[in-house]
Amino acid sequence: MTGRSHEVMERARALFPGGVSSPVRAFRGVGGEPFVVDRGAGSRIWDVDGREYIDYVLSWGPLVLGHAPPIVLDALEQTMARGTSFGIPTALEVELGELIVARMPHVEMLRFVSSGTEATMSAIRVARAVTHRDVILKFDGCYHGHADSFLVRAGSGVATLGLPNSPGVPDALAALTVVAPFNDLSSTESLLASHDVAAIIVEPVVGNSGFIAPDPAFLPGLRALADRFGALLIFDEVMTGFRVAYGGARERFDVVPDLTTLGKVIGGGLPVAAYGGRRDLMECVAPAGPVYQAGTLSGNPLAMAAGIATLTALTPALHDRIAARTARLVQGLRECAARRGIPFTADAAGSMWGFFFRAEPVRSFAEAKTSDVERFRRFFHAALERGVYLAPSAFEAAFVSAAHSDADVDETLDRLDAALEASDA
Ligand SMILES: *Cc1c(COP(=O)(O)O)cnc(C)c1O
């Protein structure tokens with residue numbers, strides 16, 4: 001890395017741990033130095049040295065309409081002129097709440113927060129309060145934000161850095177989180193039989209240990225097990241919400257969770273997340289009920305306006321169009337790799353996708369870790385040199401936005417085919 005990016009990163013490293021505001025941005029998973037972004041428009045971003053990239057990270061998922069969509073910018077401008085924060089109810093939060101509930105009817109009542117981390121930690125507080133149980137069951141490689149209870153075998157960020165558990169999390173708290181392999185119903189069942197589990201929390205399609213789809217029986221099986229053992233089922237849809245289907249995982253898999261966490265897309269690129277679900281459960285949240293949770297900037301008008309503009313624009317027809325382009329990209333990549341005889345597996349759900357350098361499909365984080373990470377690193381840098389920005393870790397999902405045209409997909413396939421060739425050392 002040369003030029004302004006290098007200069008800015010040198011200054012950043014003196015200020016921020018690893019030079020970044022969130023670990024995976026530091027490129028530790030792929031080596032080398034991150035570029036510094038200057039601006040984005042549509043499917044593209046430009047770094048401060050003027051290099052252009054087709055972006056498949058999209059701010060780690062939120063930008064389902066692409067960068068700087070006029071419809072979101074207009075909404076922000078109009079809202080901003082009236083004030084940026086009040087800490088008083090606004091009509092905007094009602095409007096965004098109603099848009100979400102219309103698309104996810106099992107979310108009968110919800111609360112806005114500012115990050116996915118807050119959403120998941122609040123959801124398990126509700127689950128613990130209503131079940132009078134303390135243990136949380138999660139899956140190996142699933143990431144649910146950085147709250148203490150979830151930093152137990154938490155996927156990408158942690159895995160890429162080689163920190164399976166974080167120092168600073170009290171053992172006594174970590175002991176209240178039990179972990180089963182994803183797609184493994186029998187391990188889940190024995191953990192439920194041996195612990196008083198308040199809630200099973202799952203990424204319905206995993207995006208945080210690379211892209212891993214659930215087996216057809218897995219999510220229905222979790223629903224049945226939760227009911228049998230008196231635990232709640234929480235779908236962490238911070239990433240999958242408004243990505244894997246127009247109505248998220250419940251629509252795609254026809255399994256209804258008790259609680260759902262949302263984030264990323266619902267904020268259209270501004271900091272918004274939410275937790276919600278069954279009315280009787282959400283009625284326990286303060287001030288309707290005794291479970292405390294609050295936030296100074298929760299329901300922030302700018303963030304609500306960006307979310308409203310995004311969800312309004314994201315019609316079922318548009319969702320399907322983005323999903324079709326995603327499927328074409330993934331199929332094209334499979335064909336490129338097959339032609340070159342490179343072990344490769346790729347998959348998509350809606351506008352979320354991912355791949356591993358491994359011949360067989362991946363069903364768990366343990367299997368993901370058997371993929372060829374060295375080859376991924378070479379491929380990542382070869383793609384970046386050719387103007388395609390993929391997540392800088394072998395254990396992250398990728399995304400497509402409404403701004404990615406068919407021509408973008410064709411151009412991406414050409415560039416990534418050349419990157420596959422270059423990485424085939
Ligand atoms: C990104 C993510 C989170 C955390 O959200 P933040 O806004 O980064 O705190 C939680 N769960 C899942 C599934 C995520 O992908």
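In listed order, ligands and their atoms are each counted from 1. Numbers here simply count residues along the sequence, with the first being 1.
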Are there any protein N or O atoms under 3.5 Å from the N or O atoms of ligand 1? List them with distances, or say none.
unit_1	atom_1	unit_2	atom_2	d
ligand 1	5 (O)	Gly116	N	3.4
ligand 1	7 (O)	Gly116	N	2.8
ligand 1	9 (O)	Gly116	N	3.3
ligand 1	9 (O)	Thr117	N	2.8
ligand 1	9 (O)	Thr117	OG1	2.8
ligand 1	11 (N)	Tyr143	O	3.3
ligand 1	11 (N)	Asp236	OD1	3.4
ligand 1	11 (N)	Asp236	OD2	2.6
ligand 1	15 (O)	Asn208	ND2	3.1
ligand 1	15 (O)	Lys264	NZ	2.6

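Defined by atom type and a distance below 3.5 Å, a donor-acceptor pair is missing between the side-chain atoms of Ser393 and Glu396.
Here Arg328 pairs with Asp406, Val409, Asp410 under the side-chain contact (heavy atoms from CB on, under 4.5 Å) rule; sequence neighbours left out.
Within a 6.0 Å radius of NE2 in His67, other residues, nucleotides and ligands contribute more than 12 heavy atoms.
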Table please: side-chain donor-acceptor pairs of residues 197-207 below 3.5 Å, with sequence neighbours left out.
unit_1	atom_1	unit_2	atom_2	d
Glu203	OE1	Gly207	N	3.0
Glu203	OE1	Asn208	ND2	3.0
Glu203	OE2	Tyr143	N	2.9
Glu203	OE2	Asn208	ND2	3.4

Donor-acceptor pairs are to be reported for all side-chain atoms of residues 289-297 against protein atoms at under 3.5 Å, with residues two or more places apart or in another chain.
unit_1	atom_1	unit_2	atom_2	d
Gln293	OE1	Arg111	NH1	3.1
Gln293	OE1	Tyr275	OH	2.8

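In summary, the aromatic rings of Tyr56 and His404 are positioned with their centroids under 6.0 Å apart.
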